[in-house]
J.: 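Encoded as structure tokens, here's the structure I'll be asking about.
This structure is a prediction, so every number in the text was calculated from the model and none was measured. Hydrogens, waters and symmetry mates are skipped; everything else that's a heavy atom, side chains included, is used.
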Amino acid sequence: LKNDHRAIPVQADRMLADLQTIRQFGACGNGVVRRAYSDLDIASRVWLARRMEEAGLEVSVDAMGNVFGIPPGDGPCLLLGSHTDTQPEGGWLDGVYGVIVALEVARASIEAGGPRIACVSFQDEEGSFTPSTGSRVWTGSLTQEVADTLVDDAGTPLAVARQKRGALPVAREVSPSLFSGFVEMHIEQGPVLDRTGEKIGVVDSIVGIRGQRVTFTGEQNHAGTTPMQMRRDAFQGMVRFVTVLNDRFKDVVGPTTVWTIGQANVHPNATSIVPGKVDFWVQWRDGDDALLDRMHEIIDASAADIAAEMQLTCEISSYSKIAPTLCFPAYIAAMSEAAEARAPGRWRVMPSGALHDAANVSVHMPMGMMFVPSINGISHNFDEDTAIPDLEIGLEVFAEAIARIAAG
Ligand SMILES: [Zn+2]
């Protein structure tokens with residue numbers, strides 16, 4: 001009956017055991033150090049590939065080192081997954097929870113004769129070379145040729161690093177056309193679910209990120225002899241700009257909009273010199289492109305106004321833009337129904353403030369994401385953690401959502 005199709009009988013104990021096993025590759029206190037293409041990363045991929053085979057999946061590892069497990073049978077199927085590489089000081093769940101949950105759902109579905117489900121661990125999501133290298137090359141937003149010229153902190157080109165494959169099988173490419181959609185489970189990496197006591201975040205968008213460099217130039221002068229009313233102090237201009245910007249944003253932004261003034265440089269940065277120049281980076285994020293445009297206008301207008309008011313010159317020298325990505329509405333609906341069935345009243349629809357592989361994959365197919373809570377919102381840190389019961393609820397809700405999506 002219809003409800004029977006809506007349950008893939010996942011086993012939480014087996015998922016948790018796999019999670020603890022892969023944690024040993026690079027374990028460091030409560031956290032993990034497993035950088036892309038390190039010996040530990042390759043060893044963990046070999047282990048993952050074997051677990052996929054034991055589950056009845058056919059393993060393909062492409063030239064980038066993305067590990068795919070594909071179920072028997074024909075026709076497009078759902079692809080689930082995330083990444084298993086970590087930050088230089090990483091948590092034990094960031095990325096890998098989504099991969100192990102994907103493996104458990106694919107495995108349980110084969111055992112129960114359920115829908116065909118594939119799983120993947122994308123390579124280098126954490127940016128040893130550039131953020132989400134593996135999924136960008138797989139989806140074509142970055143060509144292998146260009147990616148190969150990127151170097152890591154040690155100066156090793158990707159072209160060399162990716163030749164290290166250990167006991168991984170010979171490279172075999174996997175076409176995105178094999179898949180009907182992509183769904184990624186991930187820890188939230190922020191405080192929202194932990195603070196509210198909710199168990200599941202159904203992601204509706206992955207935020208867009210805009211940024212630009214602003215330079216105020218005034219007049220560098222003696223800090224003792226230059227009267228206050230004669231100064232053209234660039235640092236004071238930046239401080240005034242930040243205050244004005246926060247004020248002007250107030251009535252424009254939404255509850256999940258964020259903006260950051262970072263990477264500020266004061267010139268010449270000396271105790272007895274009135275700063276003649278300051279440059280800084282303004283970054284702003286939201287899921288709504290039109291709002292990001294509106295914020296951009298406010299930033300430019302505010303910089304111009306402050307420059308005029310304080311007799312500074314203002315220059316905008318570089319600009320970057322990553323568009324927001326919307327999750328597939330039918331996936332949001334299926335996840336919401338599954339969350340309400342298994343964690344009634346204890347879930348929410350929310351944006352993802354961090355970038356994920358799912359944003360790249362969404363170019364080729366419908367995409368969805370789900371979050372579980374992060375204790376105190378901590379991530380990219382050895383102390384990153386999620387309560388075990390929350391990992392179990394996440395698996396159950398995710399499996400039900402996948403069954404609903406697969407049933408159409
Ligand atoms: Zn991650």
J.: State whether a side-chain donor-acceptor pair under 3.5 Å links S374 with E188.
T.: no
J.: R107 and Q11: side-chain donor and acceptor closer than 3.5 Å?
T.: no
J.: Are W259 and Q283 close enough that a side-chain donor and a side-chain acceptor fall under 3.5 Å?
T.: no
J.: Please indicate whether E89 has more than 12 foreign heavy atoms, meaning atoms of other residues, nucleotides or ligands, lying under 6.0 Å from its CD.
T.: no
J.: I would like to know whether I405 and L78 meet side chain to side chain contact (heavy atoms under 4.5 Å, CB included); could you show each step before the answer?
T.: CA-CA 9 Å; I405 290 168; L78 274 176; 3.6 Å; yes
J.: Whether E198 and R346 form a salt bridge (side-chain N of Lys/Arg under 4.0 Å from carboxylate O of Asp/Glu) is what I want to check.
T.: no
J.: What pair of heavy atoms forms the shortest contact from A36 to D85, and how long is it?
T.: N-CB, 3.9 Å
J.: Could D152 and R35 be called an ion pair, given the rule that one side-chain N must be under 4.0 Å from one carboxylate O?
T.: no
J.: Would you kindly say whether T86 and R34 are connected by a side-chain donor-acceptor distance under 3.5 Å?
T.: no
J.: Does the side chain of S128 reach to within under 4.5 Å of the side chain of Y37, using non-hydrogen atoms?
T.: no
J.: So do D279 and V214 actually touch side chain to side chain, heavy atoms under 4.5 Å?
T.: no
J.: Ion pair present between R210 and D286, side-chain N to carboxylate O less than 4.0 angstrom?
T.: no
J.: Is a side-chain donor or acceptor of T130 paired with a backbone partner of T133 at a separation under 3.5 angstrom?
T.: no
J.: Ignoring hydrogens and angles, state whether a donor on the side chain of Q212 or D300 is under 3.5 Å from an acceptor on the partner side chain.
T.: yes
J.: Does N376 reach the main-chain N or O of I378 with its side chain, forming a donor-acceptor pair under 3.5 Å?
T.: no
J.: Please determine if R172 and E58 form a salt bridge, counting it only when a charged side-chain N lies under 4.0 Å from a carboxylate O.
T.: yes
J.: Checking side chain to side chain contact (heavy atoms under 4.5 Å, CB included) for the pair F371/S352: CA distance, chi angles, key distance, verdict?
T.: CA-CA 9 Å; F371 286 156; S352 169; 3.5 Å; yes
J.: Are a donor atom and an acceptor atom from the side chains of Q229 and R231 found within less than 3.5 Å of each other?
T.: no
J.: Check whether any side-chain N or O of D124 sits under 3.5 Å from a backbone N or O of S132 as a donor-acceptor pair, and report yes or no.
T.: no
J.: So, R51 and E54, do they make that salt bridge, N to O below 4.0 Å?
T.: yes
J.: Could you verify whether a donor N or O on one side chain and an acceptor N or O on the other, from N360 and S135, lie under 3.5 Å apart?
T.: yes
J.: If we ignore angles and hydrogens, is there a donor and acceptor under 3.5 Å between the side chains of H356 and E125?
T.: no
J.: Do you know which two heavy atoms are closest between A118 and F179, and how far apart they sit?
T.: CB-CE2, 3.6 Å
J.: Could you verify whether a donor N or O on one side chain and an acceptor N or O on the other, from D41 and Q123, lie under 3.5 Å apart?
T.: yes
J.: Can you tell me if Q311 uses its side chain to pair, donor with acceptor, with the backbone of A307 under 3.5 Å?
T.: no
J.: Hey, are R14 and E111 close enough for a salt bridge, meaning a charged N less than 4.0 Å from a carboxylate O?
T.: yes
J.: So, for L291 and V252, which heavy atoms are closest and what is the spacing to 0.1 Å?
T.: CD1-O, 3.4 Å
J.: Please answer whether the main-chain N or O of I110 pairs with a side-chain N or O of R116 as donor and acceptor at a distance below 3.5 Å.
T.: no
J.: Can you find a heavy atom in the side chain of W47 that is under 4.5 Å from one in the side chain of I42?
T.: no
J.: Distance alone, cut at 3.5 Å: any donor-acceptor contact between the side chains of D357 and H83?
T.: no
J.: Strictly distance-based, threshold 3.5 Å: is any side-chain N or O of T21 a donor or acceptor partner for the main-chain N or O of A17?
T.: yes
J.: Quick one: does W138's side chain have a donor or acceptor within less than 3.5 Å of a partner on V174's backbone?
T.: yes
J.: Walk me through whether F280 and F241 qualify under ring pair (Phe, Tyr, Trp, His ring centres under 6.0 Å).
T.: CA-CA 11 Å; F280 52 96; F241 169 79; 5.5 Å; yes
J.: Are side-chain N/O atoms of R213 and S317 paired as donor and acceptor at under 3.5 Å?
T.: no
J.: Test your reading of the model: is there a side-chain donor-acceptor pair from S109 to the backbone of A106, 3.5 Å cut-off?
T.: no
J.: Establish, from distance only, whether the side-chain atoms of D94 and Q189 form a donor-acceptor pair under 3.5 Å.
T.: yes
J.: Could you report the tightest heavy-atom contact between A12 and L395, atom names first, then the distance?
T.: CA-CD2, 3.6 Å
J.: With a 3.5 Å distance limit and no angle check, can you tell me whether E219 reaches the backbone of R232 through a side-chain donor-acceptor pair?
T.: no
J.: Would you give me the side-chain donor-acceptor pairs under 3.5 Å for residues 200-207, sequence neighbours excluded?
T.:
none

J.: Is the backbone N or O of P373 less than 3.5 Å from a side-chain atom of T386, with the two atoms forming a donor-acceptor pair by type?
T.: yes
